[in-house]
Number of protein chains: 2
Amino acid sequence: MGRPTIADIAERVGVSKGAVSFALNGRPGVAEATRARILQVAKEMNWRPHSAARALGGARAEAVGLVIARPASTLGVEPFFAQLLSGLQAGLSAQSVAMHLMIVEDAEAEMEVYRDWASAHRVDGFIMVDLKVRDPRVEVLEELGVPAVVLGGPGRHGSLSSVWADDREAMLSVVDYLAALGHRRVAHVAGLPEFRHTQRRMRALRDSSRRLGLVDAVSLTTDFSDAEGAAATRALLSRRLRPTAIVYDSDVMALAGLGVAGEMGVRVPDELSVVAFDDSVLTRIAHPSITALSRDTFAYGRKLAEVMLEVVADPGRRRELKTETPRLIVRESTAPPGSWQAD
Amino acid sequence: MGRPTIADIAERVGVSKGAVSFALNGRPGVAEATRARILQVAKEMNWRPHSAARALGGARAEAVGLVIARPASTLGVEPFFAQLLSGLQAGLSAQSVAMHLMIVEDAEAEMEVYRDWASAHRVDGFIMVDLKVRDPRVEVLEELGVPAVVLGGPGRHGSLSSVWADDREAMLSVVDYLAALGHRRVAHVAGLPEFRHTQRRMRALRDSSRRLGLVDAVSLTTDFSDAEGAAATRALLSRRLRPTAIVYDSDVMALAGLGVAGEMGVRVPDELSVVAFDDSVLTRIAHPSITALSRDTFAYGRKLAEVMLEVVADPGRRRELKTETPRLIVRESTAPPGSWQAD
DNA sequence: TCCGGCAACTATAGCGGTTTAGTTCACCCC
DNA sequence: GGGGTGAACTAAACCGCTATAGTTGCCGGA
């Protein structure tokens with residue numbers, strides 16, 4: 001005999017399948033004594049629910065889906081993502097909800113997987129990451145009528161719930177700080193231009209540019225790789241009037257930028273200040289250590305899980321949760337611009 | 001009406017459910033013309049299989065399980081793990097097999113999840129990581145009779161398949177190289193002592209110690225964190241006769257060690273050579289860049305997926321696949337020991 | 001002409017649960 | 001003592017799909 005079923009239990013206890021089901025799910029309809037006996041036997045026989053059978057009946061799948069459309073080989077590089085995943089898992093595991101993960105080539109494939117998993121009741125909801133500027137995935141998820149939470153925002157994700165951090169506010173705090181130190185030529189090595197949060201950061205820099213009297217506040221977009229981060233830095237430091245401060249959209253790129261500065265003989269922080277979005281072991285370990293916008297990414301992931309579970313529990317609901325704005329952790333890589341500096 | 005079922009299709013085409021099932025699964029029993037009509041209608045109605053229903057009938061779940069017992073907050077730190085996951089995903093996605101992921105507190109919980117998912121037919125097989133020295137999980141997986149692949153080896157994983165890299169060989173290549181450079185005091189900042197691969201690396205160092213005339217070839221174990229890596233480095237560099245070379249069991253710890261060397265005024269590579277197990281963007285970006293044992297972790301993950309799929313397809317099978325031994329990539333952090341060095 | 005055989009279907013029984021509509025039966029009360 | 005009531009339980013339908021045992025009808029051969 002394979003795994004025991006409730007029918008086996010029913011037979012052994014001498015009751016019907018229905019009674020066993022009631023007992024195992026803690027609902028009324030069985031006497032306490034019977035319930036106890038059933039639970040006892042179920043334990044003895046080492047019974048476990050068959051989730052597929054439950055799912056057929058329309059119950060929860062006890063799993064959420066996460067589909068990521070990125071070249072898989074680049075995923076491993078970002079500490080941010082792994083941390084987020086960890087936090088997400090922690091939040092879900094607490095409720096014994098598993099995660100269905102799949103990495104695909106592009107957004108088309110991603111939407112196809114959404115459709116598949118949704119109609120197969122494989123998952124109770126989806127988590128969508130890397131929100132783009134005009135993102136067709138939002139519409140697909142809305143159509144499917146499956147609970148979904150978008151990482152990123154605010155706005156432009158229709159009726160879906162979202163969890164986000166204020167990238168604009170974060171960028172402003174960086175620029176304000178740099179301006180206060182006396183920097184006027186601040187550059188920005190940004191991430192992928194189609195990402196919503198990249199746009200918000202770029203706009204924030206542009207906007208504060210006037211207010212703070214910055215000159216030549218430029219954003220160069222990259223694919224988040226250390227290679228492009230380094231290339232962008234080289235370009236910036238090769239200008240006739242080079243920036244006195246560079247803000248990087250990720251810790252990996254900031255570290256790469258630091259390397260380029262070293263290679264070009266530009267001293268950090270004397271001649272160049274460096275700030276990283278996203279804090280991690282990288283920024284702490286670097287020499288000089290890097291001033292970074294720090295947030296508790298693990299907690300961020302856990303919040304995401306929390307909202308996901310809420311939306312699954314009450315599908316009518318729509319939540320929009322703004323998390324703590326990243327705080328600036330000042331380390332060795334920032335200082336007032338050097339006095340040698342012609343302005 | 002919710003999602004269409006094969007009954008809906010059957011009704012619309014005017015055949016029985018069975019005929020539809022045959023047609024959709026490409027098996028004989030329907031005339032070509034009928035099949036074509038059925039497929040046509042299925043497409044029109046946007047039908048998709050309900051995996052739970054299929055699973056109930058005993059079919060594949062088209063998913064494999066990965067359960068990790070680590071404090072979730074530490075997961076994000078290791079580029080290795082994320083890379084592996086990416087490769088694994090890439091291999092699985094190619095066959096449209098998804099991954100069920102769960103992070104739990106300890107091995108007990110991990111085994112509980114194995115039992116759960118196995119009897120619920122949630123997954124077709126398991127991937128087990130972090131093989132320990134005497135690992136109770138092996139027995140559980142064998143008992144469950146579910147296909148499983150162990151990451152790590154060789155040996156000591158019973159009837160389960162495995163994919164592994166030769167840690168012994170790798171360690172020997174590092175030590176040989178360091179010895180050839182003239183190093184005689186080589187230390188090792190190792191990972192968790194209960195891990196099988198940690199043991200193998202430690203043993204390899206001890207063994208070559210005699211052969212190469214190393215003195216005081218010590219291994220300090222850590223939890224893989226940058227903090228403990230730094231602490232171990234501090235301890236080593238505080239010795240009266242400090243090592244002239246340190247081998248780290250991970251790139252993160254090597255980077256942390258580099259930081260400690262800087263903080264203690266020990267120049268790398270003049271006074272201290274540093275080598276890292278595991279290569280990543282970290283070792284490339286560091287200053288000085290770090291000599292590392294490099295392997296294609298992404299490919300490693302893909303191999304793992306491949307073996308997993310094979311074992312699922314043919315459960316009687318047992319495969320033991322040794323992957324490429326990591327190769328030493330020499331960078332700036334290694335050099336002959338300084339001449340100032342008393343021996 | 002009648003029967004065997006095959007292709008093309010149909011009808012139906014599961015798979016392992018949940019759920020709903022009964023069915024018993026003890027008990028209470030007028 | 002008859003009827004109403006609620007608790008405890010049973011029987012059976014159902015979820016969507018697969019698999020298997022029929023059934024039908026047509027063709028070919030003796």
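Because the structure is predicted, anything quoted here is derived from the model rather than measured. Numbers restart at 1 for each chain; the letters A, B, ... are given by sequence-line order, proteins then strands.
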Establish, with yes or no, whether the OP1 or OP2 oxygen of [N] is under 4.0 angstrom from a side-chain nitrogen or oxygen of [X].
X: Ser21(B); N: dC17(D); result: no
X: Trp47(A); N: dG16(C); result: no
X: Arg54(B); N: dT18(D); result: yes
X: Ser16(A); N: dT10(D); result: yes

Quiz item: Is a side-chain donor-acceptor pair under 3.5 Å present for His50(A) with His121(B)?
Solution: no
Rounding to an integer number of Å, can you tell me how far [X] [atom1] sits from [N] [atom2]?
X: Asp8(B); N: dG16(D); atom1: CG; atom2: P; value: 8 Å
X: Ile6(A); N: dT18(C); atom1: CD1; atom2: C1'; value: 8 Å
X: Arg35(A); N: dA8(D); atom1: CZ; atom2: P; value: 10 Å
X: Arg122(B); N: dG17(C); atom1: CZ; atom2: C1'; value: 15 Å
X: Leu56(A); N: dC17(D); atom1: CG; atom2: C1'; value: 8 Å
X: Ile9(B); N: dT18(D); atom1: CD1; atom2: C1'; value: 14 Å
X: Arg27(A); N: dT20(C); atom1: CZ; atom2: P; value: 9 Å
X: Ile38(B); N: dT18(D); atom1: CD1; atom2: P; value: 13 Å

Quiz item: With a 4.0 Å cut-off on heavy atoms, is Val15(B) in touch with a base, just the backbone sugar-phosphate, or nothing at all?
Solution: sugar-phosphate
Quiz item: Counting any heavy atom closer than 4.0 Å, what does Pro28(A) reach on the DNA or RNA strands: base, sugar-phosphate only, or nothing?
Solution: nothing
Exercise. State whether Phe81(A) and Arg70(A) meet the cation-pi test: NZ (Lys) or CZ (Arg) under 6.0 Å from the six-membered ring centroid, and within 45° of the perpendicular axis.
Key: yes
Quiz prompt | Residue Ala31(A), side-chain atoms from C-beta onward, closest of dT20(C), dC17(D), dA8(D) | solution = dA8(D)
Exercise. Could you work out which one of dT18(D), dC9(C), dT20(C) sits closest to the side chain of Phe22(A)?
Key: dT20(C)
Quiz prompt | Other residues, nucleotides, ligands: >12 heavy atoms within 6.0 Å of Glu44(B) CD | solution = yes
Quiz prompt | Along DNA chain C (nearest heavy atom to each residue), the more 5'-positioned of Gly57(A) and Gly18(A) | solution = Gly57(A)
Self-check item: The single option from Trp117(A), Tyr114(A), Phe126(A) passing ring pair (Phe, Tyr, Trp, His ring centres under 6.0 Å) against His100(A)
Solution: Trp117(A)
Practice problem: Output yes when a side-chain donor or acceptor of Ser93(A) lies under 3.5 Å from a complementary backbone atom of Gln89(A), and no otherwise. | Solution: yes
Exercise. For His50(B) and for Thr34(A), find the nucleotide of DNA chain D with the closest heavy atom, then tell me which residue's nucleotide is more 5'.
Key: Thr34(A)
Quiz item: Ignoring hydrogens and angles, does a donor from either the side chain of Lys17(A) or the base of dG17(C) sit under 3.5 Å from an acceptor on the other?
Solution: yes
